[in-house]
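This report concerns only the one structure given below.
Values below: every heavy atom of this structure, side chains too, minus hydrogens, waters and symmetry copies. In what follows, residues are counted from 1 in the order of the sequence shown. All ligand and atom numbering here is 1-based and tracks the order in the structure.
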Amino acid sequence: MISVEEALDRVLSYVHMLDGEEKPIMDCLGQVLDEDVYSSIDVPPLDNSAMDGYAVRAQDTAGATKSSPVYLDVIGEVRAGTIAEREVVSGTAYRIMTGAPLPRGADSIVRFEDTDEHMQSAQHPARIGVFCRVPPGHDVRRAGEDIARGQLVLSRGTVIRPQEVGVLASIGKAKARVIRRPVVAVLATGDELVEVEQPLPDGKIYNSNSFSIAAQVLRYGGIPRSLGITPDRIESIVEKINEALDADMLITSGGVSLGDYDLVKEVLAEQGEISFWTVRMKPGKPLAFGMIRGVPHLGLPGNPVSSMVTFELFARPAILKMMGKTNLSKPSVQAVLEDSAENTDGRRVFARAIVRKENDRYFARLTGPQGSGILTSLARANGLAVVPEDVERLNAGDTVQVLMLDWSEE
Ligand code: AMP
Ligand code: MG
């Protein structure tokens, strides 16, 4: 048996960052930038007002106070999106709205509140009393203060979040080059499986793994391609795998244990380069991994919980790596365990748990029966509480590390 870390290292050594694609920035969310982005414009493009008020020459306001205002002639009004026609010369002011470019000659803004505008009857007074002195540049947003023309705005390797989408839009870049999403073929193996839209004959079960796995692929940024179900027959498995050869990765479920009909690992051994191993973990001990005609193939165990937990631990980092991401580890918290959790045979246990926060501390409670077929206990969980290999038992009150399932979906 090998450790979780060693298994992960082996998986990651087989998968590589994919190539880039250019697409509309809205479609880039969650992907990694594959270019250095420079700006060809200043943002904002022009000096403009940060406030509603009056654009003035700062030196005109020298000595202004509430009891002895400085009076300026109002020579026009300028709102966002327009350019002032006249120049502000000494003794004059422009009424100005937030975001409007500063008129020529003006170098500062006096806010409405610091004038006598509210005391006047006319809505647009011809003359305005200024109550305070403003220094040059007061409430002015400088051209290029956010982004200067020619500046490196976002560098290659940046993960595109909503704020990066906004930054790209702010420099007028409609498309960006990002590392493409991996296409992940998903195949369920098992004579007992029936598709969800079919009636359920005696002795059969619904194929839920194809759905949970495809949903996990989607959640972490991949493009799932379902290959459906194959019965436990070598020729049939091979035929299905042949449909996956143009995918970036193949994930199968089932057929990797030691039973008579666990044929996935045999196929992998015959047709590909195999690393079959047992991993020192629970659930999910049997796992197959290898390359089959150039496609990395991860063979997950069939039990629904094992399949999902091993996906989190091995398929998720592989998908993130293919997408060009570098933070591959799952977010985790240290929590106070409220139940006891056992480790009976020296394997690392990933127990389904629900974590809650109280007074800045995290508490973790197990979500019930931990059999690897009890998928509802994973549905109730938001994390996986880890009992290390060398710890036989954690008691209520002990500190436990919990890998969070519901945090950070990047
Ligand atoms: P296996 O790893 O093939 O021995 O499968 C272990 C058990 O997992 C089976 O007995 C089924 O109960 C269950 N199982 C396997 N494949 C699926 C699937 N696609 N959907 C739901 N359960 C499955
Ligand atoms: Mg099976």
Side-chain angles (χ1 to χ4, degrees), residues 1-2 7 11 184-219 222 224-241 243-244 247 249-271 274-290 292 297-315 345 347 350 352 368-381:
M1 277 206 273
I2 62 175
V11 170
V184 180
V186 178
L187 174 63
T189 74
D191 290 333
E192 72 276 36
L193 301 177
V194 173
E195 289 295 11
V196 284
E197 50 287 314
Q198 302 296 322
L200 194 64
D202 274 352
K204 306 287 185 185
I205 61 170
Y206 281 122
N207 166 24
S208 62
N209 288 354
S210 283
F211 288 85
S212 49
I213 293 170
Q216 285 177 304
V217 170
L218 258 184
R219 180 177 213 182
R225 190 210 291 164
S226 180
L227 301 180
I229 298 171
T230 163
D232 294 310
R233 280 211 337 268
I234 297 251
E235 319 78 70
S236 168
I237 295 172
V238 170
E239 202 176 293
K240 283 290 189 185
I241 287 179
E243 289 175 33
M249 187 172 192
L250 166 66
I251 296 182
T252 57
S253 92
V256 290
S257 316
L258 300 176
D260 289 350
Y261 299 98
D262 290 323
L263 302 174
V264 169
K265 57 180 194 294
E266 259 173 59
V267 171
L268 191 52
E270 270 171 31
Q271 310 261 327
I274 189 176
S275 282
F276 171 71
W277 64 74
T278 50
V279 183
R280 210 176 298 127
M281 64 182 284
K282 186 180 175 180
K285 180 164 73 168
L287 200 68
F289 186 77
I292 190 148
H297 170 198
L298 186 57
L300 305 179
N303 276 307
V305 174
S306 312
S307 144
M308 292 198 75
V309 171
T310 48
F311 186 107
E312 290 289 339
L313 293 176
F314 305 110
D345 60 358
R347 289 188 279 159
F350 296 91
R352 283 141 263 170
Q370 296 287 318
S372 53
I374 315 282
L375 191 54
T376 51
S377 67
L378 194 51
R380 281 191 295 274

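- Open room surrounds CD on Glu239; 12 or fewer heavy atoms of other groups in view lie less than 6.0 Å from it.
- Scanning both residues, Arg347 and Lys285, for their nearest heavy atoms gives NH1-CB, 3.3 Å.
- Nearest protein heavy-atom contact of atom 6 (C) of ligand 1 is Asn303 N, 3.7 Å.
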Item to complete: Verify side chain to side chain contact (heavy atoms under 4.5 Å, CB included) between Met308 and Leu378, making sure each step is shown before the conclusion.
Response: CA-CA 9 Å; Met308 292 198 75; Leu378 194 51; 3.7 Å; yes
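- The single protein non-hydrogen atom nearest to atom 21 (C) of ligand 1 is Ser208 OG, 3.3 Å, given as residue, atom name and distance.
- Ranking the protein heavy atoms by distance from atom 4 (O) of ligand 1 puts Asp262 OD1, 3.7 Å first.
- Across all non-hydrogen atoms, the minimal contact from Leu227 to Ala185 is CD1-CB, 3.9 Å.
- Using a 4.0 Å cut-off to heavy atoms of Asn207, the atoms of ligand 1 that qualify are 18 (C), 19 (N), 20 (N).
- Counting only heavy atoms of the protein, atom 11 (C) of ligand 1 lies nearest to Glu192 OE2, 3.4 Å.
- Given atom 17 (C) of ligand 1, the protein heavy atom at minimum distance is Asn209 ND2, 3.2 Å.
- Of the listed residues (Ala188, Ser306, Ser253, Gly302), the one carrying the non-hydrogen atom nearest atom 15 (C) of ligand 1 is Gly302.
- Of the heavy atoms in Ile205, only side-chain atoms (C-beta onward) come closer than 4.0 Å to ligand 1.
- Of all atoms in ligand 1, listed by their number and element, those nearer than 4.0 Å to a heavy atom of Tyr206 are 20 (N), 21 (C).
- A side chain to side chain contact (heavy atoms under 4.5 Å, CB included) with Phe314 holds for exactly one of Ile251, Leu287, Leu300; it is Leu287.
- Although no hydrogens or angles enter the test, the distance criterion places a donor-acceptor pair under 3.5 Å between the side chain of Asp232 and the main chain of Asp191.
- Residues Leu250 and Ala244 approach most closely at CD1-CB, 3.9 Å, considering heavy atoms.
- Under 4.0 angstrom from ligand 1, the non-hydrogen atoms of Ser257 all belong to its side chain.
- For the pair Val256 and ligand 1, no heavy-atom separation below 4.0 Å is found.
- Using 4.0 Å as the threshold, Pro304 has a heavy atom nearer than that to some atom of ligand 1.
- With a 4.0 Å heavy-atom cut-off, ligand 1 is reached by the side chain of Leu193 but not by its N, CA, C or O.
- The line from OG1 of Thr230 to CD of Glu235 is 9.0 Å long, rounded to the nearest 0.5 Å.
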Item to complete: Take Leu298 and Met249 through the side chain to side chain contact (heavy atoms under 4.5 Å, CB included) test and state the conclusion after the steps.
Response: CA-CA 8 Å; Leu298 186 57; Met249 187 172 192; 3.9 Å; yes
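- Atoms of ligand 1 lying under 4.0 Å from at least one heavy atom of Gly255, given by number and element, are 1 (P), 2 (O), 3 (O).
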